[in-house]
Each structure stands twice: as structure tokens, then as C-alpha cells.
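Model, not experiment: these values are computed from the prediction. Nothing fancy with the numbering, it's 1 onward along the sequence.
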Amino acid sequence: MAQRVKRGLEIMAIGAISLSKHTCVMLGAVQSPNFRTLESEKQMSMLDWYVALVRSKAAELLSLTDILVADAFFSKYEFVNEVIGMGFRFVGRLRANSYLRYLAIPDSSAPRRRGRKKKYGEKVDFSTLDMSVFTSFIYEDSKGIKTRCHTAVVHSRALKRDIRIVVCPVENADPLLYFSTDTDMRPEKIIGFYRTRFQIEFGIRDAKQFTTPVATDTRQRPA
């Protein structure tokens, strides 16, 4: 109604997306509580509340699919670890400065040494990918635009787990980093799932357009 952002008003929207039809069906939207109320009365952060909401809908959502897609805000260990524990595979996006490491490749020719074996290699430099690890492929979107992207299984220090990363270069900008906690998921599907997620915006737009404002009047009226 105000045609602008109103502080403290937020909804957590959940929808089911179709990768083949590039559409989204809204399943529900829950208004988020005031973060101060959460902290003072329930000792919860907003992220804790989001996790609790997904947990309350988990059985219903898992009956449809075990793939959960969310934007980059939710690509945090606290959220990802919890939803994986519920039985979901998570697809999301990472920031361009994310700390990722190559997995260590055993060298049979190297002399044996005492102690724990090295699990990880060097940090991934997105400006110069190690193409002996990454695999290139051509991704074609729904508009027929083709992009050469690169994929590999790497370790995320922030998420504390191995993930399949998909790097899509962008001209004169940082690359787009998509990922899945399912390291066997096809990279084309990872991109497709994440990009189709934006169809939820149409459901949110419709909700704004068709929401009826409720007016209250406290003036005294004659009996």
C-alpha cells in the first residue's frame, strides 16, 4: 500500500518450482516475527526462526521433493547443516569471495610420512581455475543463451563440507557461484534449480497486488 519498504514487515515465502516448465506454485507464506521479540522472548535469531519454520513444514515438503533451493542469504552453516539433517539436498549460491579449497589428490609416488594425511589442497582462485580439477560444459538457458561454465567438487570452509561448485563467468564482473550439497548432482541442474527459484518473485508480486487492505475506525457511532 505504501509503495515502499516498511521496516519490520517480512514474509517467508515457500514455493514449489518446476525445472521443466520454469514455473513456481506458491505453497505458503508466513509473516516473520519481530526480531527483538524473538531475541527477548524465545532467545532465537532470525536464522533460527527460518530453520524452525522449514522444520515445521519438512514432512510436507519432503513428500514433494528432497531438493531445497534458497538464495545466498541462507548459504550459512547453521541453516544448511540443519536442513541437511532434515533430509534435504541444498542448492544455493555463494559470494565471489568464498573460501573454497581443492580436495587433496593422493600421490602414490610421494614418500610415506607419519601423521594425518593432507585432506585439502590450495585455495580456489576463481580468476585462474585449476582445469585439471574443473570440468567445462556449455549451459544453455531457456532463452537459448549459451555460457561456458566450470564445475568441480571442492571443500567449503564456511559450510564445513564438500560441495559441487559451478562457476559461471560474467563479463566485467565477479563469476556467479552456484553449489549443491549433493556432489553427484549434475551441474546443469544446479544452475537450473537456482535460476528457476526466481519464479517465486511472481507469486510475491501477485500477493502484493491482490492483498486487500483492512481499515479500522475507532470513532464512536450512535446506537
Side-chain angles (χ1 to χ4, degrees), residues 1-35 38 45-84 86-96 98 139-145 147 149 159 163-166 168 170 176-182 185-213:
M1 291 174 61
Q3 298 297 312
R4 63 190 179 91
V5 173
K6 300 288 284 184
R7 181 175 176 81
L9 294 179
E10 177 196 81
I11 60 172
M12 173 75 157
I14 301 174
I17 60 175
S18 169
L19 189 57
S20 59
K21 297 182 179 179
H22 293 275
T23 55
C24 175
V25 175
M26 299 301 294
L27 300 178
V30 180
Q31 184 170 340
S32 302
N34 184 287
F35 74 93
L38 280 175
S45 66
M46 287 302 300
L47 197 62
D48 293 333
W49 186 82
Y50 296 140
V51 170
L53 179 58
V54 174
R55 184 179 289 111
S56 70
K57 305 286 185 182
E60 178 186 353
L61 297 176
L62 286 168
S63 69
L64 300 174
T65 178
D66 68 341
I67 300 174
L68 183 66
V69 187
D71 63 25
F73 171 82
F74 295 93
S75 297
K76 299 178 174 65
Y77 173 78
E78 294 80 4
F79 185 85
V80 173
N81 189 59
E82 289 290 338
V83 298
I84 288 176
M86 298 175 202
F88 291 101
R89 292 178 287 164
F90 187 83
V91 173
R93 249 189 72 184
L94 295 174
R95 295 182 299 178
S98 296
Y139 177 77
E140 183 174 356
D141 64 17
S142 58
K143 297 180 181 179
I145 299 176
T147 306
C149 301
L159 298 178
I163 59 173
R164 176 162 291 281
I165 190 75
V166 181
C168 293
V170 178
L176 299 176
L177 307 180
Y178 306 102
F179 78 95
S180 172
T181 57
D182 178 1
M185 185 177 289
R186 289 174 52 196
E188 298 88 350
K189 283 198 170 185
I190 296 174
I191 301 174
F193 281 132
Y194 191 86
R195 291 188 177 180
T196 307
R197 185 197 66 82
F198 288 102
Q199 294 296 320
I200 200 171
E201 299 295 339
F202 293 106
I204 295 173
R205 179 200 63 185
D206 293 344
K208 291 179 180 178
Q209 291 179 345
F210 293 102
T211 297
T212 303

Shortest non-hydrogen contact between [X] and [Y], atoms and distance:
X: Val166; Y: Cys149; value: CG1-CB, 4.3 Å
X: Met185; Y: Arg164; value: O-CD, 3.1 Å
X: Val91; Y: Phe193; value: CG1-CB, 4.3 Å
X: Met86; Y: Leu62; value: O-CD1, 3.4 Å
X: Tyr178; Y: Cys168; value: CE1-SG, 3.9 Å
X: Met26; Y: Ala13; value: CE-CB, 3.8 Å

Student check: side-chain heavy atoms of [X] and [Y] closer than 4.5 Å:
X: Ile17; Y: Ile200; answer: no
X: Cys24; Y: Phe198; answer: no
X: Ile191; Y: Thr147; answer: no
X: Leu64; Y: Leu27; answer: yes
X: Val69; Y: Tyr194; answer: yes
X: Trp49; Y: Pro33; answer: yes

Distance, nearest 0.5 Å, that separates [atom1] of [X] from [atom2] of [Y]:
X: Asp206; Y: Glu201; atom1: CG; atom2: CD; answer: 11.5 Å
X: Ile165; Y: Leu94; atom1: CD1; atom2: CG; answer: 4.5 Å
X: Asp182; Y: Ile84; atom1: CG; atom2: CD1; answer: 10.0 Å
X: Ser98; Y: Ile163; atom1: OG; atom2: CD1; answer: 8.0 Å
X: Asn34; Y: Glu10; atom1: CG; atom2: CD; answer: 11.0 Å
X: Leu38; Y: Asp48; atom1: CG; atom2: CG; answer: 8.5 Å

In terms of heavy-atom contacts, does CZ of Arg95 have more than 12 from other residues, nucleotides or ligands at under 6.0 Å?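 12 or below, so no.
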What's the verdict on side-chain contact (heavy atoms from CB on, under 4.5 Å) for Met46 and Phe73, showing C-alpha distance, side-chain angles and the deciding distance? CA-CA 12 Å; Met46 287 302 300; Phe73 171 82; 5.8 Å; no
Mind jotting down which residue pairs meet the salt bridge (Lys or Arg N to Asp or Glu O under 4.0 Å) criterion with at least one end in residues 56-79? Sequence neighbours excluded, please. Asp66-Arg89
Quiz item: cation-pi between Arg205 and Phe202, 6.0 Å / 45°: no
Indicate yes or no for a side-chain donor-acceptor contact from Thr23 to the backbone of Ser18 under 3.5 Å, with no hydrogens or angles considered.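 Judged by distance alone, no pair lies under 3.5 Å.
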Apply side-chain contact (heavy atoms from CB on, under 4.5 Å) to residues Thr181 and Leu159 and explain how you reach the verdict. CA-CA 9 Å; Thr181 57; Leu159 298 178; 5.5 Å; no
For the ring pair Tyr50 and Phe74, is the centre-to-centre distance below 6.0 Å?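 Aromatic pair counts; centres sit under 6.0 Å.
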